[in-house]
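Basis for what follows: all heavy atoms, side chains included, without hydrogens, waters or symmetry-related copies. Each chain gets a letter, A, B and so on, in the order its sequence line appears, and its residues count up from 1.
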There are 2 protein chains.
Amino acid sequence: MLFGRQTRGVASAAGLLTSQSPKTSARIARTQQQRLASSSAINLYGDEKNLKFQLFDVLNVEENLFNKSARYGDASREIFEDALATSLKIAENDFAPHNRQNDLQEPKFVAGGEVEINDGVKPALEAFRNAGLFGAHADYERGGMQLPTVVTNALLLPLYAANVGTTTFPFLTIAAGNMLNAVGSEEQKQKYLVPMIEGRYYGTMNLSEPQAGSSLGDITCKAFPREDGTWSIKGTKMWISGGEHPLSENIVHMVLAKVSDPKYPDRTEPGVKGISLFIVPKYRINDDGSLGEKNGIELAGLNKKMGWRGITNTVLNYGEDKESIGELVGEEGRGLATMFLMMNEARVTIGLCASALGYAGFAASLSYALERRQGRPVKGKDPSADQVPIIQHSDVRRMLLAQKAYSEGSISLCLYGSLLVDELHDPSHLSSQEAEDKALLLDILTPIIKSWPSEWALEANKWAIQVHGGYGYTRDYPVEQLYRDNRLNMIHEGTNAIQSIDLLGRKVHMQKGRAFRIWVQTMLKDQDAALKLGQDLGNEGLTERAKSLKEAIERLQETTECLASVEDPDLMLANSHEYLNMAGHVAVAWRLLVTEAAAVRARDAGREDSDFFESKSVVAKWFFKHELPKTEHQAKLLTALEDTNLTVSPDILCA
Amino acid sequence: MLFGRQTRGVASAAGLLTSQSPKTSARIARTQQQRLASSSAINLYGDEKNLKFQLFDVLNVEENLFNKSARYGDASREIFEDALATSLKIAENDFAPHNRQNDLQEPKFVAGGEVEINDGVKPALEAFRNAGLFGAHADYERGGMQLPTVVTNALLLPLYAANVGTTTFPFLTIAAGNMLNAVGSEEQKQKYLVPMIEGRYYGTMNLSEPQAGSSLGDITCKAFPREDGTWSIKGTKMWISGGEHPLSENIVHMVLAKVSDPKYPDRTEPGVKGISLFIVPKYRINDDGSLGEKNGIELAGLNKKMGWRGITNTVLNYGEDKESIGELVGEEGRGLATMFLMMNEARVTIGLCASALGYAGFAASLSYALERRQGRPVKGKDPSADQVPIIQHSDVRRMLLAQKAYSEGSISLCLYGSLLVDELHDPSHLSSQEAEDKALLLDILTPIIKSWPSEWALEANKWAIQVHGGYGYTRDYPVEQLYRDNRLNMIHEGTNAIQSIDLLGRKVHMQKGRAFRIWVQTMLKDQDAALKLGQDLGNEGLTERAKSLKEAIERLQETTECLASVEDPDLMLANSHEYLNMAGHVAVAWRLLVTEAAAVRARDAGREDSDFFESKSVVAKWFFKHELPKTEHQAKLLTALEDTNLTVSPDILCA
C-alpha cells in the first residue's frame with residue numbers, strides 16, 4: 001500500500017489545542033510522535049487489496065463482465081489497478097488535506113447570492129477532472145472512458161472516504177449526467193452532458209421542497225410553457241446539494257416541476273401526474289455554446305448541517321424576481337419515472353458513501369489502536385511494565401472487528417449492486433430472461449444497499465470514536481467528523497423508512513414475489529458452492545457458516561411469506577424497519593460468505609498473503625456469531641405481527 | 001405542564017438559513033407557524049408527571065426514605081413539587097435559551113491564559129445559585145438544603161436536558177464538594193466546601209493525563225512536600241472540564257498526584273501506590289478567607305470537542321513556571337480510593353445526563369411529529385387529501401416508542417440508583433446487613449447505570465434526528481446537538497469498556513457473587529409482585545411481561561454463572577461489552593415492569609389520567625417485545641465463550 005500512510009496523528013498533535021504554550025505544544029507533539037514511530041502503513045482511504053479482491057476474485061468482473069460485454073470489453077485489470085492507484089493518490093494528496101477545513105469553514109453566503117467555499121475544493125476537483133474521472137463512466141462517443149460502474153464505484157470509494165463533501169460535487173454531476181444521457185435529446189446532450197463529462201459544468205438534482213421531502217407528489221414548483229417551446233419554472237426547492245458555488249463554469253439543475261396552466265398560475269394539480277423533469281441551467285446557453293444571461297435562480301439560503309459540510313446545501317427560488325427558463329427533458333408527465341430510472345444507481349452510491357466512511361473510521365481507529373498505549377493485559381498487571389498498545393485489549397479488537405465486518409460487508413454488497421447496474425446497462429450478452437431477473441434482483445437489493453450501510457457503517461463510526469477514547473471526541477482526530485458526515489446517509493435519497501416500505505410494501509410483492517425468489521435463489525446458489533467448497537477442503541468454519549446462512553435465508557423466506565400474506569398493509573408494514581434490517585443482515589452475511597469462499601479458494605490455490613485470506617474468514621466468523629443470529633429475534637417479532645408501533649395512539653405517546 | 005412549551009420550532013424557522021431573501025424568510029416562517037399552530041404542550045426538558053410518578057409511586061420515596069431517614073425527614077412531596085417546578089422554569093428560561101449558543105460559540109482561549117465563555121452561562125448559573133441548587137444536597141450545617149440525591153437528581157434532569165454544558169459546572173462543583181465533605185478536614189470544609197455550596201467557588205476533578213486516561217496508575221503528576229505541610233504540585237492534567245473560566249470567584253481543583261521525593265524530581269513510582277488527592281485552588285486563600293495570590297496553574301489549551309461545548313475542557317499545567325501549592329485531602333496514598341468513594345454517585349450522574357438528553361430528543365421529535373405534515377396513510381392515498389402529521393406513520397411511532405422506552409427506562413434506573421445512594425448516605429434505619437446489601441447492589445448496578453443509558457439514549461437521539469428527516473440534520477433543530485452532546489457519555493467517567501470489565505471482572509465476583517445474587521433477588525421480588533398483581537387483576541399483558549422478565553433474569557443468571565466459572569480471565573472478558581449490554585437490557589426491563597405495575601396499581605385505585613398509566617404498559621410492551629428478546633442471542637454468544645475478539649491477531653486486523 002503506497003498511499004495514505006497514517007500521518008494524521010502527528011499533524012493533529014500539533015493542532016491539538018486551540019492555543020497553547022509552546023512548551024506544552026512541543027511536549028505533546030513529542031509524545032504523539034513517539035507513539036507513531038512504529039506506525040504501520042494502513043491505507044486510510046481505501047483498502048486497495050480488498051477492492052481488487054472484491055472485483056477480480058469475489059465478483060470476477062473479468063469473466064462476468066469485461067470478457068462478455070461489448071460495452072466494457074476494453075476494461076481490464078491493469079486499467080483498474082492504475083486508476084485505483086491514481087484515485088488513492090488523489091484521495092490522499094488532494095481530497096483528504098482539506099476535509100477537516102471543509103468541516104470547520106462551511107460554505108458561506110455572501111452578498112449578491114454568491115457562495116464562498118473552502119479554497120481546497122477547487123484544486124481537488126481539478127485533480128479529479130485531470131484524471132478524467134468526471135467521464136470515467138461515460139460513453140466513448142461523449143468523450144468518456146466508458147468504465148463499468150463497478151469499476152468507477154470502486155475508484156470513487158477512496159474519495160468518499162477521504163472527503164465526502166468535496167466528492168459529492170462530481171457524484172451529483174455524474175448522476176445528473178446519467179439522467180441526461182438516458183432521456184435527453186441529442187441536442188441537450190451536446191449542450192449540457194458533454195461539458196459535464198468534461199468537468200466544466202456541474203449538475204444537481206432538485207426534487208424536494210420545504211413541504212415535500214418524502215412525499216414528492218406534493219411538490220408545488222410549477223412549469224409554464226413559453227412560446228418558443230422552453231418552460232418558465234417557478235417555485236422553491238429545498239435540500240439542493242451543490243445548488244450554488246463558484247467551482248464550475250455553469251450549474252445544470254435537473255428540476256422536478258408540475259406542468260401548469262399560465263391562466264391559473266396558483267393552481268397545483270394534486271399527486272404525481274404532471275410532474276416533469278426540466279433542465280434549468282444557472283447560465284442560459286447561447287446557440288454557439290457560450291454562456292448567456294444568468295437565469296432567474298435565486299439562492300435563498302444555505303442549510304447549516306451537522307456534517308457533510310464540504311458541499312453547499314441550498315434553498316433555491318426559481319423565477320421569483322426574474323424568469324427562470326428551462327427545457328423539458330424526457331417526456332412530459334414522466335418526471336418522477338425518469339428520476340426513478342436513475343434511482344437504483346443513486347441509492348447504491350449512498351450505500352457506497354456510507355461504506356466508505358465506515359472504512360475510513362475503521363482505518364483511522366486501527367492505526368490509532370496500534371500506536372496508542374494504555375493499560376496492561378488482564379493477566380500479569382505489572383504496573384512497572386510499559387503500557388501496551390490498546391489493540392491488545394479484547395474490547396478494542398471487538399470494536400475493530402465490528403467496524404471491519406460492517407464496512408467490508410457493506411462495500412461488498414454495494415459493489416455487487418454496481419455490477420448489476422453494469423449488466424443491465426449492457427445486457428447484450430444476457431438472455432432477456434436473465435436481464436429481467438437481474439433487473440428484479442437490483443430492484444429488490446437497492447433499498448437494502450442504500451439503508452443497511454447507512455445504519456451499520458454509522459454504528460462502525462460510533463465504535464471508531466470509542467476506540468480513540470476522549471481523543472476521538474475531539475476535532476483533532478478524523479473520526480468524529482466521519483460519524484457526523486455519515487449520519488446523513490440514513491436520511492437522503494429516500495429515508496430508511498421509505499426504503500423499508502419500498503422493500504416490504506413493493507419490491508417483495510413484485511411479480512408475485514419473483515424478485516424476492518430470484519434473490520433467494522442467487523444466495524442459495526452461492527451458499528451451496530461455499531458449502532461444497534468447505535466440505536471438499538474439510539474447512540469446518542466455512543462449512544458451518546454456509547449452513548448458518550442457509551438457515552438465515554430460510555428464516556428470511558418464512559418471514560417474508562408470512563408478511564406478504566398479511567392483507568392489511570398497515571399491519572404488514574408495522575415493523576418494516578426491522579424487516580429491512582433483517583434482510584440487510586442476511587444480505588451482508590451472504591456477501592461475507594462469498595468473500596470468504598473466494599479467499600479460501602485463493603489460499604487453496606497456493607496464492608500468497610495468507611493473513612489477508614485468513615482475515616476474510618475471521619470477519620465472516622465474527623459477523624456470523626455476533627450479528628447474524630439477531631435475525632432469529634427479528635423473525636419472531638415479524639412473524640408474530642407485533643403491532644405496538646401501529647396501534648399506539650398519539651395520545652398515549654403524549655400522555 | 002406549565003413550562004417548556006414547544007416554541008423552538010417557530011424560533012428556528014426564523015433562523016433556518018444563514019442568510020436569505022426577506023420574502024423567503026417570511027414564507028418559510030409562515031409555513032412553520034401554520035404547522036405549529038396546534039402544537040401540544042410537550043415539556044421539552046422533563047416530564048414532570050413521570051418524574052413525580054417515579055419518585056412517589058414507583059420508588060415510593062415517602063415511605064422508603066422520607067419517613068424512615070433522620071437525615072431526609074424534612075423532605076416532602078410538596079418540597080419536591082415546588083423545586084421541580086422551579087427547576088423546569090430555570091431549564092426553560094435560563095438554561096435552554098443559550099444551549100445552541102454554547103454549541104456555536106464554544107469557549108475561547110484568550111491571551112493571558114484566560115477563557116471567554118458564552119454570555120448566557122453566567123446568568124443561568126446565577127439563577128441556579130439563587131434557587132439554592134448548589135447546596136440542594138448539602139448538609140444543613142454547611143448551609144445546604146439536605147435533600148436526598150434521588151430528589152436532587154430528578155431536579156437536575158431538566159437542566160441536563162435543557163443545556164448539558166452549562167449544567168456541568170454545578171455538577172462538577174457538587175461532586176468535588178461531596179468528596180471534600182467525605183474526606184476533608186473541618187478547616188478544609190470551611191475554606192473550600194462552604195463557598196462551593198454557596199455557589200461562589202466552582203470545583204473540578206483532575207484525574208486524567210495525556211498518557212493516562214483509563215489507566216490512572218500511570219499518572220506522572222507529582223506532589224512534593226513543602227516545609228509548611230502544604231504540597232507543591234507539578235504535572236499536566238488532561239480533559240479537565242471547567243478547568244478554567246471566568247464564572248466563579250475561585251476554582252477548586254481536586255487533583256490526583258503521586259507523592260514524590262524532591263531529591264529525585266523526575267522519578268515516578270509505578271502503579272497506584274502513592275497516588276494522593278490534593279486540593280489545588282486557582283487562587284490561594286488567605287487566612288481570613290479572602291483570595292490570595294494566583295496559583296501556578298497554567299491553561300495549556302482547550303480541547304475542541306464534537307459536542308458538550310458549553311463547558312471548557314482543558315489541559316492544565318501545574319507548577320510549570322510558577323509554583324502550584326495544594327493541600328492533601330484525605331489520607332496520603334488513598335487518592336484513588338477517595339475518588340472511587342464518590343465514583344458510584346458520579347457514574348449515576350453520567351447515566352442521568354444521558355437519559356436527560358435521550359428524553360430531550362424524544363420530546364423534541366414528538367413535538368415535531370405532531371406538527372410536521374408529510375405523506376398520507378398507507379390505506380387511502382388520495383393525493384388531493386391533506387398530508388397527515390407524520391406521527392400517523394407507524395415507523396415514526398416506532399422511533400418515538402423506542403426513544404420513550406430507552407429514556408424512561410434509563411431515567412427509572414438512574415433514580416433507583418440515586419435512592420440507593422441516599423439509603424447508604426443515611427443508613428441509620430437499616431440493619432447492618434441491609435446496608436451492606438444495598439451497598440453491594442449499588443456497586444453492581446453502577447457500571448450498568450453509567451453505560452446502558454449512554455449507549456441507548458444515544459440510540460434514542462439517533463432516532464430523534466431521523467424523525468425530523470433532513471431538518472433534524474440541520475443546526476436549526478435541537479436534535480443533532482443532543483446526539484453530539486450525548487456521544488460523550490460512553491467515554492467519560494470510565495469508558496463503557498472499563499465499565500464492562502468492572503461489572504464482569506469485578507462486581508460479579510464480589511463476595512462470591514453476593515452482589516449479583518442480591519440484585520437477582522431484588523428483581524425477582526419485584527417481578528413476583530408484578531406477576532401477582534397481573535394475575536389478581538386479570539391483566540394479561542402485565543402477567544406475560546412478569547413471566548418474560550423471570551425468564552430473562554434466569555437467562556442472565558445462567559450466563560453469569562457460566563462466565564464466572566471461566567478460569568481464564570481473558571476468555572471470561574472477551575465479550576464483556578455484550579454482557580454489560582445484556583445486563584442492562586434486563587435491568588431496564590425490570591424498571592419498566594416495576595413502573596408498569598405501579599401504573600396498573602394507580603389505575604386500579606381509580607386514579608385519574610388513564611392515558612398516562614396506559615402509556616407505561618405500552619412502553620413496557622414495546623421494550624419487552626422489541627428489545628428484551630435480544631438477551632436470548634446474547635446469552636448464547638456469551639455462554640458459547642465465543643472468542644473471536646480475543647484471538648484475532650493485529651496482523652489479521654491489518655491484513
Side-chain angles (χ1 to χ4, degrees), chain A residues 17-21 24 40 109 213-215 217-218 239 270-271 300-306 374-375 378 383-384 387 391 394-395 397-398 400 469-470 473-475 480 488 491 497 569-570 574 577 611-612 614-615 618 621-622 625 629-630 633 642 644-646 648 650-655, chain B residues 17-21 24 40 109 213-215 217-218 239 270-271 300-306 374-375 378 383-384 387 391 394-395 397-398 400 469-470 473-475 480 488 491 497 569-570 574 577 611-612 614-615 618 621-622 625 629-630 633 642 644-646 648 650-655:
Chain A
L17 308 164
T18 48
S19 180
Q20 60 198 13
S21 71
T24 313
S40 72
F109 190 109
S214 293
S215 182
D218 290 290
W239 310 122
L302 295 173
N303 292 308
K304 299 171 286 177
K305 290 172 295 171
M306 177 192 198
Q374 194 70 187
V378 174
S384 66
Q387 299 197 73
I391 201 167
S394 64
D395 194 62
R397 292 208 286 259
R398 166 188 68 85
L400 294 171
Y473 195 68
T474 69
R475 302 202 291 282
E480 65 85 31
L488 181 58
I491 300 170
D570 282 325
H577 172 262
D611 275 357
F612 175 77
E614 170 70 13
S615 76
V618 173
K621 182 183 169 200
W622 188 88
K625 290 286 184 193
K630 291 179 181 171
H633 156 54
E642 210 287 317
T644 316
N645 299 337
L646 181 64
V648 61
D651 286 347
I652 293 292
L653 284 164
C654 297
Chain B
L17 308 165
T18 48
S19 182
Q20 60 199 13
S21 71
T24 313
S40 71
F109 189 110
S214 293
S215 182
D218 290 290
W239 310 122
L302 296 173
N303 291 308
K304 298 171 287 177
K305 288 172 295 170
M306 177 192 196
Q374 194 70 186
V378 173
S384 65
Q387 298 198 71
I391 200 167
S394 65
D395 194 62
R397 292 206 286 259
R398 167 188 67 87
L400 294 171
Y473 195 69
T474 68
R475 303 202 291 283
E480 66 85 31
L488 182 58
I491 300 170
D570 282 324
H577 172 262
D611 276 356
F612 175 76
E614 169 71 12
S615 77
V618 173
K621 181 183 170 203
W622 188 88
K625 291 285 184 194
K630 291 180 180 171
H633 157 54
E642 210 287 316
T644 316
N645 298 337
L646 182 63
V648 62
D651 287 346
I652 294 292
L653 284 165
C654 297

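With A:Q374 contributing its side chain and B:S215 its backbone, the two residues share a donor-acceptor pair below 3.5 Å. Side-chain atoms of B:R398 do not come within 3.5 Å of backbone N or O of A:H577 as any donor-acceptor pair. Side chain of A:E480 to backbone of A:R475: no donor-acceptor contact under 3.5 angstrom is found.
The greatest number of non-hydrogen atom pairs below 4.5 Å with chain B, out of A:A497, A:G470, A:A574, is found for A:G470. Heavy-atom pairs under 4.5 Å with chain A peak, among B:M306, B:H633, B:K625, at B:M306. With chain A as partner, the option from B:D611, B:D651, B:L400, B:V618 having the largest number of non-hydrogen pairs under 4.5 angstrom is B:D611. With respect to chain B, the highest number of heavy-atom pairs below 4.5 Å among A:S214, A:P629, A:S394 belongs to A:S394.
Heavy atoms of A:D395 lying under 4.5 Å from chain B belong exclusively to its side chain. At a 4.5 Å heavy-atom cutoff, the contact between B:N645 and chain A is made by backbone and side-chain atoms alike.
Side-chain contact between A:K621 and B:E642 is present, with heavy atoms from C-beta onward closer than 4.5 Å. At least one side-chain heavy atom of A:T474 sits under 4.5 Å from a side-chain heavy atom of B:W239.
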